[in-house]
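Reminder, nothing fancy here: chain letters follow the sequence lines and each chain counts from 1.
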Amino acid sequence: MFVRDAKARCPHLTVVPYNFDAYGEVADQFYGILHKYCTKVQALSCDEAFLDMTECLHDNPEEVTERMRNEIFGTTKCTASAGIAENRLLARLATRSAKPNGQLFISSEKVDDYLSTLPIKALPGIGYTVSDKLKSKEVEHCGQLRNISKDALHKDFGKKISNMLWNYCRGIDHSVVEAVQETKSVGAEVNWGVRFNENKDADNFLVNLSREVSLRLQGCGLQGRTITLKVKTRRKGAGEPLKFMGCGDCETMSRSTTMTGATDNLVTLQRIARQLFAALHVDVKEVRGVGLKMSKLEHADLGRGAQQGNMLKSWLGSSSEKLKKQCSERTCFLGNSDGILTCQRSCRSHYQ
DNA sequence: ATCCTCCCCTAC
DNA sequence: TAAGGTAGGGGAGGAT
Ligand SMILES: [Mg+2]
């Protein structure tokens, strides 16, 4: 429900504003505590992480988890939930079941029972499209999914997704906790408040978006070879969206260019962004969203040929918090010529 | 046989 | 699918 509608129904509604600084502070405390208990921590977001506790099995995992949750609450005043199991898939599912403010250990013996009635949609990586497709075949729970052959799944979902479905519905997950994650792409997009009257408005927007992406790349010390422009346009027949300045029902198109050398250069980005936009042949009056993304990344200071991949620690570190704030302030200048500003960098505030 | 581009799906 | 932004990954089909 939109705030506007909620206020219509509840005129005295108190709307609490975002407080990104506080979320960042809690995230720092959260990760600080996790690292006190475990060296293998993989950050999924500002409020969710995997911990590989294999090396800590000399202690009782459930007791360790109790202590961590207590410390998180004591320090942050935010409750936290946790799942404990033999692999990442089951631990993640256990966490969902444990909410709010609880913890759950799924032992090996309980896995089959737990999964048999679990909706397929609850599996990570399975969303509306895949689960609806299975539902249309009367397959709704993991127990039912186990009766579908690998071959049949492969025909309907392709290699990777069929394997994932086959393994996950049996509680199988061989993936490992990776503390260090490689950034694959850096980009920025705006899909709200975008309305252009003239070509030069769109052009101006592309220039600013290019600047934003260039600055973000430089902020990360990264350069890239592939630039992708994504444009949302009003779908034929779709009227103005009910939500003010929203993008409404749109079609999405994209074009990309791969260069021989990696760059973070503003002028290069602007030139290519313009070329890509022109190649899409859209009526600027119909544009509802624009995004620009750089991929095939390399470390800026290592130059070409250094295929090491970039090792970026979680963006939750305090230095990257500062960068994040700068980005969000810059983003305010991405508003179009009507002065409509954009709101980026949403951040979940619940910790359970 | 593998890579690339574009599109779609998913999670937070 | 009545949030929007960032990012990762996979599928289809064409290109190499
Ligand atoms: Mg799911």
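- Distance from the side chain of A:Y128 is smallest to B:dT10 among C:dG11, B:dT10, B:dC7.
- Atoms CG (A:L297) and P (C:dA7) sit 10 Å apart, rounded to a whole Å.
- Relative to the side chain of A:V130, the nucleotides B:dT10, C:dG8, B:dA11 differ in distance, and B:dT10 lies closest.
- The side-chain heavy atoms of A:K121 and A:L134, taken from C-beta on, include no pair separated by under 4.5 Å.
- Place A:K293 and A:C247 on DNA chain C by their nearest nucleotides, and A:C247 ends up nearer the 5' end.
- Closest contact between the side chain of A:R96 and the listed nucleotides B:dC12, B:dC6, C:dA7 involves B:dC12.
- Listed nucleotides: B:dT10, C:dG11, C:dG8. Nearest to the side chain of A:T129: B:dT10.
- Checked against B:dC12, C:dG11, C:dT6, the side chain of A:R216 finds its nearest nucleotide in C:dT6.
- Cluster membership check: A:L266 does not share its hydrophobic cluster with A:F205, using side-chain heavy-atom separations under 4.5 Å among Ile, Leu, Val, Met, Phe, Trp and Tyr.
- Following rounding to the nearest Å, A:K232 (NZ) and B:dC7 (P) show an atom-to-atom distance of 12 Å.
- Within the 4.0 angstrom heavy-atom criterion, no nucleotide atom of any strand lies near A:L280.
- Rounded to an integer number of Å, the gap from A:I126 CD1 to B:dC8 P is 19 Å.
- For B:dC7, one of the phosphate oxygens OP1 or OP2 lies less than 4.0 angstrom from a side-chain nitrogen or oxygen of A:S254.
- Here C:dG9 presents its C1' atom at 14 Å from NZ of A:K296, a figure rounded to the nearest Å.
- In this model, the phosphate group of B:dT5 is not approached by any side-chain N or O of A:R255 to a distance below 4.0 Å at OP1 or OP2.
- Protein atom CZ of A:F157 is 14 Å distant from nucleotide atom C1' of B:dC8, rounded to whole Å.
- Rounded to a whole Å, the OH atom of A:Y168 is 14 Å from the P atom of B:dT10.
- Checking B:dT5, C:dG5, C:dT6 against the side-chain heavy atoms of A:A188 singles out C:dT6 as nearest.
- For the pair A:T226 and B:dC4, the criterion of a side-chain N or O lying under 4.0 Å from OP1 or OP2 is not met.
- A:E48 has its CD atom 15 Å from the C1' atom of C:dA7, to the nearest Å.
- Set against C:dT6, B:dC6, C:dG10, the side chain of A:S256 has B:dC6 as its closest nucleotide.
- Projected onto DNA chain C by closest heavy-atom contact, A:V186 and A:G158 fall at different nucleotides, the more 5' of which corresponds to A:V186.
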Verdict with reasoning, A:Q223 to A:T263, per side chain to side chain donor-acceptor pair (under 3.5 Å) = CA-CA 5 Å; A:Q223 301 183 339; A:T263 186; 5.7 Å; no

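- Residues A:T65 and A:R69 are in side-chain contact: their nearest non-hydrogen atoms beyond the backbone lie under 4.5 Å apart.
- Side-chain proximity of A:T258 to C:dA7, B:dT5, B:dC12: nearest is B:dT5.
- The side chain of A:K184 approaches C:dG8 more closely than any other nucleotide in the set B:dC7, C:dG8, C:dG5.
- One atom, CE of A:M294, and another, P of B:dT5, lie 14 Å apart when rounded to the nearest Å.
- Between C:dT1 and C:dG5, the distance separating the two P atoms is 12 Å to the nearest Å.
- Look at the P atom in both C:dA3 and B:dC6: the space between them is 30 Å, to the nearest Å.
- Closest to the side chain of A:K159, out of C:dG5, B:dC12, C:dG11, is C:dG11.
- Side-chain contact between A:K200 and A:N204 is absent, with no heavy-atom pair separated by less than 4.5 Å.
- Judged by distance alone, with hydrogens and angles left aside, the side-chain atoms of A:Q218 form a donor-acceptor pair with the main-chain N or O of A:D264 at under 3.5 Å.
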